Amino acid sequence: MRVGDLDETALLARVVPLMPTDALLGPGDDAALVAAPDGRVVATTDVLVEFRDFRRDWSSGADVGWKAVAQNVADVAAMGGRCTGLLVGLSVPTDLEVAWVEDFARGVAAACARFDAVVVGGDLSGASEVVVSVTALGDLQGRPPVLRSGARPGDVVAVAGVLGRSGAGLEVLQRNGSRSPREDELVTAHRRPQPPVTAGPAAALAGATALMDVSDGLLRDAGRIAAASAVTVELTTAGVLGEWARELGPERGLELVLTGGEDHALLGCFPPAAVLPAPFATVGRVGAAGPHPVLVDAVAWTGATGWDHFAR
């Protein structure tokens with residue numbers, strides 16, 4: 001059965017019951033009604049475009065649904081908040097299998113179960129390719145948001161989560177050949193990232209001065225903290241290289257850790273005396289502003305710095 005075989009109401013009747021919903025007023029009206037006990041709402045949006053951000057021959061509908069949720073809850077966590085609701089927009093071509101749409105909804109539901117999130121509404125439309133747009137809402141639980149602009153010289157730089165595995169998985173998919181069990185693990189990391197969402201509020205409670213989701217590569221995103229805070233982020237190879245990356249060799253492993261995106265780890269800065277909450281681990285320090293926003297072992301990185309949506 002294809003999407004074009006159903007009208008919008010019939011397709012929604014198949015999809016909406018598959019997603020977890022919990023709101024004062026959920027799907028079914030012109031808008032949802034969501035409680036905001038803090039009096040403020042964290043809000044973020046991400047878009048996934050077929051052929052640009054994913055390929056259906058590489059990722060199932062469930063994989064795309066999972067990733068759409070993961071990248072949004074990671075952004076809420078990067079503000080020090082907890083996700084309270086998701087608005088899911090899906091545009092699909094009429095020749096797409098209905099089963100793919102149902103699989104997408106199941107992937108959304110699985111990620112919601114993993115990251116303690118719910119769907120409160122959304123939209124369904126037609127398009128020439130699959131486009132997913134998710135808006136996440138979050139609660140700061142009375143705390144101030146943790147911004148990119150609060151890092152100060154002397155702060156400890158730390159990361160929660162694993163870096164580079166999604167980029168390595170993408171390379172395996174691009175090679176389009178047989179895979180080892182180890183490579184299958186990397187592909188899974190690309191298809192279904194595991195952001196450490198509880199580490200965001202924990203970082204806020206621990207006094208984090210700056211925090212952000214690593215979605216476009218550690219170097220590029222560290223550079224964003226450096227620019228917002230008017231500092232230099234000084235990374236160390238010993239700090240950023242995890243065990244899995246060392247297996248690839250120091251040069252290739254380091255490049256993937258520094259430039260691979262879509263792991264959705266959290267990059268934070270903390271006062272020197274702060275106790276880092278698990279699973280944050282030290283990867284460097286913050287220095288005074290200089291000619292280069294990010295240094296690796298005290299040297300400016302000369303290669304690629306990460307993902308750019310408009311790079312050719």
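Computed from a predicted structure; not experimentally measured.
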Do D221 and R224 pass the salt bridge (charged side-chain N to carboxylate O under 4.0 Å, His left out) test, and can you show the C-alpha distance, the side-chain angles, and the key distance before you say yes or no? CA-CA 5 Å; D221 289 328; R224 288 166 172 153; 2.5 Å; yes
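- Pairing each heavy atom of A265 with each of P196, the nearest pair is CA-CD, 4.2 Å.
- A donor-acceptor pair under 3.5 Å links the side-chain atoms of T21 to the main chain of V119, judged by distance alone.
- V283 approaches G239 most closely through the heavy-atom pair CG1-O, 3.6 Å.
- To the nearest 0.5 Å, atom OG1 of residue T236 and atom CZ of residue R285 are 11.5 Å apart.
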Using side chain to side chain contact (heavy atoms under 4.5 Å, CB included), reason through H190 and K67 one step at a time and then give a plain yes or no. CA-CA 9 Å; H190 174 72; K67 180 174 283 191; 3.5 Å; yes
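- Between atom CG of residue L218 and atom CG of residue L163 there is a gap of 5.5 Å, rounded to the nearest 0.5 Å.
- Residues P193 and D263 form no side-chain contact, since every pair of their non-hydrogen atoms from C-beta on lies 4.5 Å or further apart.
- In this structure, L254 CG and D297 CG are separated by 7.5 Å, a value rounded to the nearest 0.5 Å.
- Residues V130 and V64 fail the side-chain proximity criterion, which asks for heavy atoms closer than 4.5 Å.
- Side chains of T84 and D139: a donor-acceptor N/O pair is absent below 3.5 angstrom, by distance only.
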For R179 and D184, run salt bridge (charged side-chain N to carboxylate O under 4.0 Å, His left out): C-alpha distance rounded to whole Å, both residues' side-chain angles, the deciding distance at 0.1 Å, then the answer. CA-CA 6 Å; R179 300 197 294 259; D184 279 334; 2.8 Å; yes
Report the C-alpha separation of R55 and E50 in whole Å, then their side-chain angles, then the decisive distance to 0.1 Å, and conclude whether the salt bridge (charged side-chain N to carboxylate O under 4.0 Å, His left out) test is met. CA-CA 6 Å; R55 285 172 41 173; E50 187 177 6; over 6 Å; no
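- R175 places a side-chain N or O within donor-acceptor distance of the main-chain N or O of S178, the cut-off being under 3.5 Å.
- In the hydrophobic clustering of ILVMFWY residues, with side-chain heavy atoms under 4.5 Å counting as a link, F51 and V131 come out apart.
- Counting heavy atoms of neighbouring residues, nucleotides and ligands inside a 6.0 Å radius, atom CD of E251 does not exceed 12 of them.
- With sequence neighbours excluded, the residues satisfying side chain to side chain contact (heavy atoms under 4.5 Å, CB included) with P277 are A202, A206, F270, F280.
- In this structure, Q71 has no side chain to side chain donor-acceptor pair (under 3.5 Å) partners at least two apart in sequence or on a different chain.
- Put simply, V92 and V88 are part of the same group of oily side chains (I, L, V, M, F, W, Y) that touch within less than 4.5 Å, one to the next.
- Remark: the backbone N or O of A288 is paired with a side-chain donor or acceptor of T232 at under 3.5 angstrom.
- In this structure, the side chain of R143 engages the main chain of G80 through a donor-acceptor pair within 3.5 Å.
- Considering D123, V120, V134 as possible partners of L87, the one that fulfils the side-chain contact (heavy atoms from CB on, under 4.5 Å) test is V120.
- Between D213 and P195 there is no side-chain heavy-atom pair separated by less than 4.5 Å.
- V286 and V159 end up in the same hydrophobic cluster when Ile, Leu, Val, Met, Phe, Trp and Tyr side chains are linked at under 4.5 Å.
- Within the 4.5 Å cutoff, the side chain of P145 has no heavy atoms near those of the V42 side chain.
- No single ILVMFWY cluster, assembled from side-chain heavy atoms under 4.5 Å apart, contains both L24 and L137.
- Using a 4.5 Å heavy-atom cutoff, the side chains of E183 and V187 are not in contact.
- Summarising the geometry of P93 relative to S128, their closest heavy-atom pair is CB-O, 4.0 Å, with the distance given to 0.1 Å.
- Considering CG of L219 and CG of L258, their distance stands at 4.5 Å, rounded to 0.5 Å.
- Between F104 atom CZ and M19 atom CE the span is 5.5 Å, to the nearest 0.5 Å.
- In this structure, V76 and G138 approach most closely via the heavy-atom pair CG1-CA, 3.9 Å.
- A distance-only check finds no donor-acceptor pair linking the side chain of D75 to the backbone of N72 [under 3.5 Å].
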What's the verdict on side chain to side chain contact (heavy atoms under 4.5 Å, CB included) for E8 and L11, showing C-alpha distance, side-chain angles and the deciding distance? CA-CA 5 Å; E8 181 179 354; L11 186 56; 5.9 Å; no
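- Exactly one of V34, D22, L86 qualifies for a side-chain contact (heavy atoms from CB on, under 4.5 Å) with V118. That residue is D22.
- Between W58 and Q174, some side-chain heavy-atom pair lies under the 4.5 Å cut-off.
- Checked by atom type and distance alone, the side chain of W244 never pairs as donor or acceptor with a backbone atom of G253 at under 3.5 Å.
- Checked options R114, H264, R165; the residue passing with Q194 is R114 (criterion: side chain to side chain donor-acceptor pair (under 3.5 Å)).
- Classification of the W100-F54 ring pair by plane angle, with boundaries at 30° and 60°, yields parallel.
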Determine, step by step, whether D63 and R192 satisfy the side chain to side chain contact (heavy atoms under 4.5 Å, CB included) criterion, reporting the C-alpha distance in whole Å, the side-chain angles of both residues, the deciding distance to 0.1 Å, and the verdict. CA-CA 6 Å; D63 293 331; R192 301 200 177 198; 2.8 Å; yes
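- No donor-acceptor pair under 3.5 Å is formed between the side chain of D103 and the backbone N or O of A99.
- Nearest heavy-atom pair, S166 versus A189, reported as atom, atom and distance to 0.1 Å: CB-O, 4.0 Å.
- L18 and V108 are not part of a single hydrophobic cluster, where members link through side-chain heavy atoms under 4.5 Å apart.
- For S125 (side chain) and S91 (main-chain N/O), no donor-acceptor pair under 3.5 Å exists by modelled atom type.
- At least one side-chain heavy atom of V296 sits less than 4.5 Å from a side-chain heavy atom of T237.
- L147 contributes atom CG, which lies 12.0 Å from atom CE of M212 (distance to the nearest 0.5 angstrom).
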Start with the C-alpha gap between R40 and L140, add the side-chain angles, then the distance that decides, and say whether side chain to side chain contact (heavy atoms under 4.5 Å, CB included) holds. CA-CA 8 Å; R40 301 166 298 168; L140 292 170; 3.8 Å; yes
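- Residues V157 and L235 are in side-chain contact: their nearest non-hydrogen atoms beyond the backbone lie under 4.5 Å apart.
- Put simply, the side chain of S229 gets close to the backbone of R148: a donor and an acceptor are under 3.5 Å apart.
- Taking each heavy atom of G81 and P201 in turn, the nearest pair found is O-CG, 3.6 Å.
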